Structures are given as C-alpha cells and as structure tokens.
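Structure, as structure tokens:
Numbers restart at 1 for each chain; the letters A, B, ... are given by sequence-line order, proteins then strands. Remember, it's a predicted structure, so these values are computed and weren't measured experimentally.
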Amino acid sequence: MVVPSYCCVCIRCVRSIGTNTRLQKQKKTGAGNMSSNVKTRFAPSPTGHLHVGGARTAIYCWAFARANEGKFLLRIEDTDQKRSSEQATAGFFEDLQWLNILWDEGPTFEKAGGGDEGPYFQAQRLPVYREQLQKLFDAGLAYYAFETQKELGEERKKAREEKRAYRYNRASLELSAEIIQQNLDEGKPHVVRFKVPEGGPLTMQDCVIGDVTVERSEVDDFVIFKGDGYPTYHFAVVVDDALMNVTHVFRGQEHLNNTFKHNLLQDALGFEHPTYAHMSLIFNPDGSKMSKRDKDKTLRKFVKENQIEKAPAGCVSDEAWATWQASKDNQLSTEDATHLSEALGVTLPEINVGDFKRAGYMPEVLLNYLCLLGWSPGNDVEQFDAAFLVENFSLDRIVKSPAKFDRAKLLAFNLDALQKLTSEEFESRLFSWCEVYAPKFAALENFALFASANHERSKTYKDSTETSHFLIEPDDEISWPESKPVKKALLKGEVTGLSRIPAIIDGLKSLEEWTNESIDACLHALADSLADGSLGKVAQPVRIAVAGGPVSPPIGDTLVLLGKESTLHRLERCHEHFASTCDV
RNA sequence: GGUCCCAUCGUCUAGUCAGGUCAGGACACCAGGUUUUCAUCCUGGGAACAGGGGUUCGAAUCCCCUUGGGAUCACCA
C-alpha cells in the first residue's frame with residue numbers, strides 16, 4: 001500500500017488557504033455556476049448538553065457551508081459507550097433546531113437530516129472502522145498493545161514527576177508475533193496503537209492560525225482502537241471525515257495538537273487532509289474556561305458559604321447529596337442541580353444553549369452574539385440575522401484570540417431584538433415561552449394585554465414573568481416586605497401614601513368601566529385632588545398595594561390585568577395591614 | 001515541566017496580511033435629562049495598541065526578546 005508523505009500533495013490542501021474568499025468571489029461574480037463540493041460537519045459527543053462553545057462551532061460550520069453553497073453535516077460521536085446517551089443526543093437535535101441550524105446530512109430529526117453516507121452515529125459504523133484498521137495492519141502501521149491502564153498511569157505519573165511530557169514507550173512493538181498471538185488467544189485485554197512513521201518535523205495547515213510545526217517526537221504511538229473494541233476519537237474522526245467527504249473542519253483550539261495525529265492517520269490511510277479552522281475558546285468574564293462544571297461550582301460555593309448541611313426537603317436525595325459532598329469530582333445531575341438551585345434560590349450561570357432558552361433569550365440573538373465572539377463582519381456592524389451571516393461569513397475574519405462571554409451585551413442585544421418585534425410577534429413568542437417555562441402565565445385570561453404591558457420593559461421573556469409574579473398569586477397571599485421604596489411610597493412624608501389609599505379605593509370603586517383609559521383618568525383626577533397633580537404619589541402606593549413591591553407594568557395595565565375586584569381587595573388588605581402594624 | 005497557540009479601551013472588536021487620518025464602533029461604566037415604578041429612551045464623558053529592543057523618514061501594523069494568558073501531554077471527545 002502506498003503511504004503518501006504528509007500534506008501539500010493533494011489538490012485540496014494547495015487550494016485550502018483562502019478557499020472561501022475565492023469561492024465567494026465566484027459566487028458573487030457568477031463565475032462558478034456549479035454547486036460547490038464544500039462540506040462542513042459538526043460532530044458532538046452526546047455526553048452532555050450543547051454548550052455555547054459547541055454552538056458557535058456549529059453556527060460557523062453551518063454558515064460556511066451555506067455561504068459556499070455546500071453541505072452541512074451532523075455526526076454523533078458516540079464511541080464512548082459509558083458516557084453517551086440517547087437523551088443527550090435528542091437534546092443536541094433540539095438545541096440546534098431551536099437555533100435554526102439545520103443539517104443537510106445526518107440523523108433525521110424533524111426538518112433536518114438525510115444523506116446517503118451514513119450511518120451518522122459512530123457507534124453504528126464499527127465495520128467501517130475495522131476495514132480501515134485492517135489497511136493499517138497491512139501496511140505495518142498498527143500494532144496491538146497489552147499494557148494495562150494502571151501501568152500506563154504509573155508511567156505517566158513518573159513522566160510528570162520528572163517534568164517531561166509523557167510518551168508511550170513502544171514496549172508492545174517489541175513483542176514477538178508468537179507472544180502477541182498467544183496474548184490474543186488468551187483474550188488478554190488489549191488496544192491497537194498507531195505506529196508513527198519515521199520522518200522529519202510535522203507541519204499542519206490551519207486557515208485561521210496559519211502553519212504550525214512540531215517535532216515528530218512530540219507525537220507518540222497513540223491508541224486508535226480501545227479495549228472495548230470501539231475506535232478512539234482520532235481514528236473515527238479521520239475515517240468519517242474522509243468517507244463522508246468533509247472538506248472543511250471547524251473545531252475548538254483544544255484540538256490543534258490533535259491535528260498532527262489526524263494528518264498522520266490521513267496519510268497512512270491514503271486520505272486527503274481537509275482544511276482546518278481552529279477557533280479560540282470562550283471564557284467566563286473572570287477568565288476561567290466556560291464549562292459545564294461552572295454550575296456545580298456555583299452550587300458548591302453557595303452551600304459552603306451558607307453552611308448548608310443537607311439538601312432542602314424533596315429536591316435531592318440523601319444519597320445523591322452524600323455522593324456530591326464526598327468529592328469535588330462528583331457532580332450533581334442536571335436535574336438535581338436545577339432542583340437544588342431553585343430550592344436555595346441560587347441563580348446558576350447559563351452555559352448551555354438550553355440555559356439561554358430557559359432564561360428567555362431569542363435564538364436569533366444568541367446566534368448573533370455567539371457569532372460575534374470570534375468573528376466580525378467589519379464596518380461597525382454588530383447586529384445581524386442569519387441571512388446576513390450567510391451572505392458575509394468568511395474564514396479570514398475569524399479572530400484568533402480567545403473571547404470572554406459578556407452576558408450584559410447579550411442582554412442588550414436581546415432587548416434590542418425584542419423591541420423590534422411587532423406586538424403580535426412578541427405576544428406569540430412570549431406565549432410559546434410561557435407555555436414551557438411559566439404555564440401559569442400562559443393561562444392568564446388576558447394574555448394579550450399581559451404581553452403588550454411587558455413588551456417595552458422586558459430584556460428577556462423571563463423578565464416579563466418575573467416582574468409580574470403578583471398576577472398569578474392569590475389576593476390573600478400578597479405581602480408587603482418593608483423595603484426602602486415601600487416605606488417611601490407608603491409611610492414617609494407629611495402626608496403618607498397609605499393615608500391616601502381610602503380615597504383611592506373610593507375613587508376606583510366608583511368606576512363603572514374598568515379600562516386602561518377610565519383607570520388612568522381616575523388616577524389623574526385623584527392625583528390632582530390628593531397630591532397636587534403628582535401622579536407618582538398616587539400610582540406608586542397603588543402599585544405597591546396590589547403588587548407587594550415597587551415594580552410592576554404600567555399602573556393602568558396592571559389594574560386591568562388584575563381586575564376591579566382583586567384591585568380593590570388588595571388595596572383594602574394593604575391598608576389594613578399597615579394600619580394595624582404601623583402607627584398611621 | 002515539555003510542546004503549541006494567543007496578546008488594541010473593563011468586555012467583544014475594527015484597523016495588522018499590502019507600515020503614513022488626534023486608533024473607530026458596540027456593550028458596560030460615569031454625569032445630566034425624559035418617564036407614574038422597574039425597564040426603556042435622549043445628550044454628554046472618561047476609557048486601549050502588555051513591556052523592551054530593532055527595521056524604517058515614519059510602527060498598533062514587519063522582526064526579535066521578555067512578560068502575561070490559554071490549550072495540550074487519556075483505552076474522553
């Protein structure tokens with residue numbers, strides 16, 4: 001079998017740098033009318049949720065494919081039998097779908113999927129990998145290794161102590177054919193390693209970083225087939241990308257060093273090198289890596305600081321709690337973490353796409369913001385939609401340096417986008433969100449008014465419900481914690497707000513029509529007669545009385561939403577409450 | 001620790017490849033103003049080329065060193 005020397009011999013590699021600009025020019029000048037062969041892929045491992053870093057990669061893959069009239073492929077890398085789950089896989093489909101990142105090839109899910117180069121689950125491709133592995137055996141580029149993980153672990157530890165990088169020592173390469181056969185016959189656990197060919201320094205090409213070169217000794221004989229009979233990531237990714245005709249590989253920079261291994265494997269297998277684009281990582285504002293562990297860390301910190309000894313009743317089992325507390329390495333399950341955070345009133349950091357969905361962001365905005373973390377269209381353009389992205393996306397504008405995720409800016413973008421929505425769009429989107437995350441609000445009788453009252457003042461859908469919680473509380477459960485603004489509006493001043501309430505009750509009671517206009521007129525009239533025309537002196541006590549706090553939608557909307565009966569009842573209760581506890 | 005990557009306002013970035021406008025925008029922040037609360041909205045403001053050497057008439061931009069940050073060194077992907 002012919003083993004090509006590395007890279008630069010294939011057409012695609014020579015062409016790779018700047019491919020996009022060329023293709024785009026073709027497209028725009030109309031010079032190239034045949035559909036391009038560009039194919040990108042997003043290949044998540046279904047071991048958790050789609051997080052923002054992964055989502056950004058998926059968006060870039062998708063945008064690049066669309067920008068070049070190519071295909072976008074989704075492949076599920078589920079070769080880790082222990083950690084992969086169907087539930088996680090479904091979660092990825094849903095999150096991608098929510099962002100409206102649809103794949104042309106891959107597992108079928110609603111409007112996405114298809115293609116005839118599958119299966120697109122790696123766990124179903126064992127025969128394919130075995131066949132390719134045989135090519136390596138035939139070429140003398142693969143060999144069995146019988147060291148146990150424990151032995152290897154000790155070697156590694158030793159290397160660390162001696163302050164050098166660990167490299168596999170090739171001990172199993174020295175084994176005689178007889179010994180190997182004997183081990184195999186005895187069913188001795190084994191892996192298959194790739195034999196790195198002799199040669200000079202290794203150079204990889206990356207169209208965002210540029211060329212990177214390392215000494216060949218930096219790459220050891222890595223494992224390509226695991227003890228459980230499944231291929232490792234390195235082997236499966238190389239085989240699948242080649243067999244599925246992937247031309248451009250976008251991935252996080254944590255894979256940069258892996259690329260040398262992948263290039264070596266591609267050469268050994270006779271595959272072309274795809275074009276690589278390694279993207280910088282996304283960090284938290286404090287500079288730490290944004291990871292799924294952040295939620296666990298937040299909870300742990302809160303529990304420790306508040307010296308909480310056991311979980312609040314009914315949210316986490318004693319057993320799960322004990323395991324969690326036993327070691328920092330034991331993370332709470334997503335469900336338990338959510339329950340615990342709710343019970344403790346801790347806000348968990350948003351990390352996953354699903355977290356932002358739950359927090360009430362628009363998918364278009366998350367997509368927009370994520371794009372901006374590592375790519376910029378120039379010309380001071382920041383807010384754009386998917387169509388603009390597809391029209392303008394290019395590799396040469398991807399930023400090399402890492403970015404910190406700034407929630408304040410995301411929030412500002414979301415506010416802008418929400419405000420651009422028509423009231424009908426806002427209402428329908430808010431309703432869909434409430435159906436899932438705040439069903440009590442979805443059940444509101446006058447939902448249209450609830451939506452319009454909140455449209456202008458909400459940065460997220462969640463804002464709408466959080467500042468209107470009093471709407472779904474029973475009249476008799478409203479309480480009035482004496483915060484500063486509450487005291488100011490009700491108890492302070494020569495004439496207190498509280499003392500005006502009886503007159504306000506009378507005024508409102510006399511209304512025949514209970515509409516925004518009639519209430520408004522009534523309150524203005526009351527303001528004139530009771531407070532020299534200062535509407536705030538009337539409206540604010542009313543707001544506090546009906547809402548239990550100083551924040552609510554505009555007062556007219558608030559009262560219409562509540563209804564006349566509730567409004568009056570709450571005003572009376574509030575007056576009684578303060579009259580009995582205070583000396584007014 | 002070895003190897004590799006990265007470096008412009010607090011943050012995301014434009015400008016770097018083809019050296020030459022008081023380094024531009026957005027978010028955040030600060031000060032005013034509008035508003036019945038919160039949120040909006042309007043006006044204004046401060047704010048950066050990590051440091052040091054070169055090359056050049058001229059350096060954010062090209063080269064080198066230092067410093068700082070990050071990734072990686074699995075039978076995880």
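Remark: G32(B) base-pairs with C42(B). Criterion, Watson-Crick or G-U wobble with two distances under 3.5 Å. The base-pairing partner of G2(B), taking Watson-Crick or G-U wobble contacts with both distances under 3.5 Å, is U72(B). A7(B) and U67(B) make up a base pair, with Watson-Crick or G-U wobble contacts both under 3.5 Å.
Nucleotides C17(B) and A50(B) place their P atoms 16 Å apart, quoted to the nearest Å. The separation of A14(B) from C75(B), taken at their P atoms, amounts to 38 Å, rounded to a whole angstrom. For A60(B) and G1(B), the C1' atoms lie 34 Å apart once the distance is rounded to whole Å. When the P atom is used for both G46(B) and G10(B), the distance is 15 Å, rounded to whole Å. The gap from the P atom of A28(B) to that of G20(B) amounts to 33 Å, rounded to the nearest Å. As rounded to the nearest Å, U40(B) and A48(B) have C1' atoms that lie 30 Å from one another. Separation of the C1' atoms belonging to C62(B) and U55(B) is 8 Å when rounded to the nearest angstrom. On the P atoms, U21(B) is 34 Å away from G68(B), given to the nearest whole Å.
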With side chain to side chain contact (heavy atoms under 4.5 Å, CB included) as the criterion, how do Thr232(A) and Phe225(A) come out once you've worked through the C-alpha distance, each side chain's angles and the decisive distance to 0.1 Å? CA-CA 5 Å; Thr232(A) 60; Phe225(A) 259 73; over 6 Å; no
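No side-chain donor-acceptor contact under 3.5 Å links Asp95(A) to the backbone of His49(A). Here the side chain of Asp557(A) pairs no donor or acceptor atom with the backbone of Pro553(A) at under 3.5 angstrom. Side chain of Ser534(A) to backbone of Ala531(A): no donor-acceptor contact under 3.5 angstrom is found.
Heavy atoms of Pro189(A) sit nowhere under 4.0 angstrom from any nucleic acid atom. Residue contacts shown for Glu254(A) are limited to sugar-phosphate atoms, with no base heavy atom under 4.0 Å away. Among the atoms of the strands shown, base atoms are found under 4.0 Å from some heavy atom of Gln149(A). Nucleic acid contact class of Pro44(A) (heavy atoms, under 4.0 Å, all strands): none. As judged by a 4.0 angstrom heavy-atom cut-off over every strand, Val223(A) is placed among residues touching the sugar-phosphate backbone only. Residue contacts shown for Pro402(A) are limited to sugar-phosphate atoms, with no base heavy atom under 4.0 Å away. In this structure, Thr79(A) reaches the sugar-phosphate backbone alone: every heavy-atom distance under 4.0 Å involves primed, P, OP1 or OP2 atoms, never a base.
Rounded to an integer number of Å, the gap from CG of Leu410(A) to P of C12(B) is 14 Å. Residue Glu218(A) contributes atom CD, which lies 12 Å from atom C1' of G1(B) at whole-angstrom precision. Protein atom CZ of Phe283(A) is 7 Å distant from nucleotide atom P of G70(B), rounded to whole Å. Protein atom CG of Asn392(A) is 14 Å distant from nucleotide atom P of A14(B), rounded to whole Å. Rounded to an integer number of Å, the gap from CG of Asp240(A) to C1' of A77(B) is 13 Å. Atom P of nucleotide C12(B) and atom NZ of Lys400(A) are separated by 17 Å, given to the nearest angstrom. Between Asn368(A) atom CG and A26(B) atom P there is a gap of 15 Å when expressed in whole angstrom units.
Distances shorter than 4.0 Å separate none of the side-chain N or O atoms of Arg156(A) from OP1 or OP2 on C73(B). Look at Lys226(A) and you won't find any side-chain N or O under 4.0 angstrom from OP1 or OP2 of A74(B). Phosphate proximity of C12(B) to Lys404(A): absent, as no side-chain N or O sits under 4.0 Å from OP1 or OP2. For Arg216(A), no side-chain nitrogen or oxygen approaches OP1 or OP2 of U3(B) to under 4.0 Å.
Using modelled atom types, one finds a donor on one side chain and an acceptor on the other under 3.5 Å when comparing Thr259(A) with His278(A). A donor atom on one side chain and an acceptor atom on the other are found under 3.5 Å apart for Ser464(A) and Ser458(A). No hydrogens or angles considered: a donor-acceptor pair under 3.5 Å links the side chains of Tyr230(A) and Gln81(A). Using modelled atom types, one finds a donor on one side chain and an acceptor on the other under 3.5 Å when comparing Glu147(A) with Ser172(A). The closest side-chain donor-acceptor pair between Gln419(A) and Asp416(A), if any, does not fall under 3.5 angstrom.
Near-neighbour residues of RNA chain B inside residues 530-539 of chain A, defined by a heavy atom below 4.0 Å, number-ordered: Leu535(A), Gly536(A), Ala539(A).
The base of C38(B) does not come close enough to the side chain of Arg543(A) for any donor and acceptor atom to sit less than 3.5 Å apart. One cannot find a donor-acceptor pair under 3.5 Å joining the base of A39(B) and the side-chain atoms of Lys459(A).
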